[in-house]
Amino acid sequence: MAESVSILEHKGFGVTQRRDNWWVKPLLVFIGLSAFGIYSTWAAWQGDNFLFTGHGAYYLSPFYSPQVQLWFGLHLPFSFAFLILWIPLGFRATCYYYRKTYYRAFFADPAACAVGEPKHRHYHGERKFPFILQNIHRYFFYLATIVLLFLWYDAVRAFFFRSAAGHLHFGVGVGSLVMLINVIALSGFSFGCNSLRHLVGGKLDCFSCSRTARARYKIWGKVSILNLRHAEWAWVSLFSVGLTDLYIRLCAMGTLPDVRLFIIK
Ligand code: FES
């Protein structure tokens, strides 16, 4: 105990008596988040190849949904993806799990438990600017849920293909499955959110005192099951959303053929 206190008293960056490979996890997080950040910024910047309509398909990249520029007839000097992406970005950046991981991986604050930090810092928690802004997570959850509804619509729409006569037919293409898996992963992440747990089960003194309270307790239990694997959902959904954009982008560019498994006519 006395030794761990002296380590926290800043013997120097990385100084520790830990013998395990504590640095592997923050390094992987650093690589994973950096790779996603670079790819998503590049993809959003392009402003094209976000929609694949070959052979009657309608696959829309999750980075570009909803298509607000179509609704409002916007002519922007920049890609309209930037009008949308601040929502999922803010949602993830303020997520309790991501906060822990990127504080460690990017700021080494701390790099890991019982490991020396780069320099002496006073810990203020998240009570001061700018970190106090992390408290708006619940509002990002509300906004991200709206975006998620559009993504569900896009995923369902991806199972309908337009014939030459203009009729829609149910079918399955690889892109349909890619979009479905992506939206399931995003839902698993979003609906395991601590803000949702608080929304459905918070501010209750008694879970068994009324029918409503008992119903809320049940929902809280379900949401909490997803929350147990929140870290896994966070990573799976992060990569699924990037790979879905990549798949649609490659199809739209003609680099990758979308394999159509079947269509019911
Ligand atoms: S706590 Fe992670 S999304 Fe809300």
Side-chain angles (χ1 to χ4, degrees), residues 36 40 43-44 47 50-53 57-74 76 79-98 136-162 168 170-173 175-202 215-216 218-227 229-230 232-249:
F36 180 79
S40 58
F50 55 82
L51 178 65
F52 175 64
T53 54
Y58 196 90
Y59 301 158
L60 177 62
S61 163
F63 290 167
Y64 289 81
S65 180
Q67 287 189 283
V68 287
Q69 103 286 12
L70 273 186
W71 298 351
F72 302 109
L74 302 175
L76 301 168
S79 164
F80 78 93
F82 291 113
L83 296 182
I84 304 157
L85 284 183
W86 62 273
I87 297 175
L89 174 68
F91 183 46
R92 286 189 188 259
T94 56
C95 162
Y96 292 83
Y97 165 70
Y98 277 114
I136 58 175
H137 181 60
R138 77 188 68 172
Y139 302 107
F140 275 118
F141 168 75
Y142 304 145
L143 292 171
T145 302
I146 296 170
V147 173
L148 187 60
L149 290 175
F150 283 102
L151 295 181
W152 267 106
Y153 171 82
D154 296 336
V156 172
R157 178 66 183 80
F159 283 85
F160 291 88
F161 298 88
R162 196 171 291 284
L168 285 178
F170 178 79
V172 177
S176 323
L177 298 176
V178 167
M179 292 183 70
L180 181 63
I181 291 168
N182 177 50
V183 81
I184 289 172
L186 289 171
S187 301
F189 171 62
S190 299
F191 296 134
C193 174
N194 287 310
S195 293
L196 179 59
R197 293 175 71 223
H198 182 261
L199 189 69
V200 297
R216 288 182 64 185
K218 274 190 185 168
I219 300 170
W220 176 83
K222 298 269 187 299
V223 174
S224 296
I225 291 172
L226 278 178
N227 184 266
R229 299 267 173 228
H230 196 51
E232 287 85 343
W233 284 112
W235 285 104
V236 169
S237 61
L238 189 78
F239 285 107
S240 77
V241 77
L243 290 173
T244 302
D245 176 87
L246 181 63
Y247 180 85
I248 293 169
R249 185 168 297 282

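Note: hydrogens, waters and symmetry copies are ignored here, and every other heavy atom, side chains too, is used. No experiment lies behind these values; they were computed from the predicted model shown.
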Distance alone, cut at 3.5 Å: any donor-acceptor contact between the side chains of [X] and [Y]?
X      : Y      : value
Trp235 : Tyr97  : yes
Trp152 : Ser187 : yes
Ser224 : Arg197 : yes

State, to 0.1 Å, how close [X] and [Y] come at their nearest heavy-atom pair, and which atoms those are.
X      : Y      : value
Phe50  : Ile248 : O-CG2, 3.6 Å
Leu238 : Val241 : O-CG1, 3.2 Å
His137 : Thr94  : ND1-OG1, 2.8 Å
Gly192 : Asn227 : O-ND2, 2.6 Å
Ala155 : Val183 : CB-CG1, 3.9 Å
Ala185 : Ser240 : CB-OG, 3.7 Å

At what distance, to the nearest 0.5 angstrom, does [atom1] of [X] lie from [atom2] of [Y]?
X      : Y      : atom1 : atom2 : answer
Ser40  : Leu246 : OG    : CG    : 12.5 Å
Asn182 : Leu243 : CG    : CG    : 9.0 Å
Met179 : Phe159 : CE    : CZ    : 9.0 Å
Leu177 : Tyr247 : CG    : OH    : 9.0 Å
Leu51  : Leu60  : CG    : CG    : 6.0 Å
Trp220 : Leu196 : CH2   : CG    : 12.0 Å

Main chain of [Y], side chain of [X]: is a donor-acceptor contact present, judged purely on distance under 3.5 Å?
X      : Y      : value
Ser65  : Pro62  : no
Arg138 : Ser195 : no
Arg157 : Phe160 : yes

query = Do Phe161 and Leu168 pass the side chain to side chain contact (heavy atoms under 4.5 Å, CB included) test, and can you show the C-alpha distance, the side-chain angles, and the key distance before you say yes or no?
reply = CA-CA 5 Å; Phe161 298 88; Leu168 285 178; over 6 Å; no

ask   = Around atom CZ of Phe170, are there more than 12 heavy atoms of other residues, nucleotides or ligands at under 6.0 Å?
value = yes

Tyr142 atom OH: more than 12 heavy-atom contacts under 6.0 Å = yes

inquiry  = Between Tyr96 and His230, does the side chain to side chain contact (heavy atoms under 4.5 Å, CB included) criterion hold? Intermediate values first, please.
reply    = CA-CA 10 Å; Tyr96 292 83; His230 196 51; over 6 Å; no

Side chain proximity check, Tyr58 to Arg162, heavy atoms < 4.5 angstrom =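 They are not in side-chain contact.
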
query = Going by heavy atoms in the side chains, are Ile84 and Pro66 under 4.5 Å from each other?
reply =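 Answer yes - side chains close enough.
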
ask   = Cation over ring, Arg92 on Phe189, under 6.0 Å and within 45°?
value =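 Verdict for Phe189: a cation-pi partner in Arg92.
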
task = Applying side chain to side chain contact (heavy atoms under 4.5 Å, CB included), run through Phe82 and Leu76 and close with a yes or a no.
result = CA-CA 11 Å; Phe82 291 113; Leu76 301 168; over 6 Å; no

message = For Phe36 and Phe63, take the angle between the two ring planes, folded into 0 to 90°, and tell me which bin it lands in: parallel under 30, tilted 30 to 60, perpendicular over 60.
response =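 The rings of Phe36 and Phe63 stand perpendicular, inter-plane angle above 60°.
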
Aromatic plane relationship, Phe141 with Phe91 - under 30° parallel, 30 to 60° tilted, over 60° perpendicular = tilted

ask   = Yes or no on side chain to side chain contact (heavy atoms under 4.5 Å, CB included) for Cys193 and His198, after CA distance, side-chain angles and deciding distance?
value = CA-CA 9 Å; Cys193 174; His198 182 261; over 6 Å; no

Distance flag, aromatic centroids of Tyr64 and Phe150, threshold under 6.0 Å = no

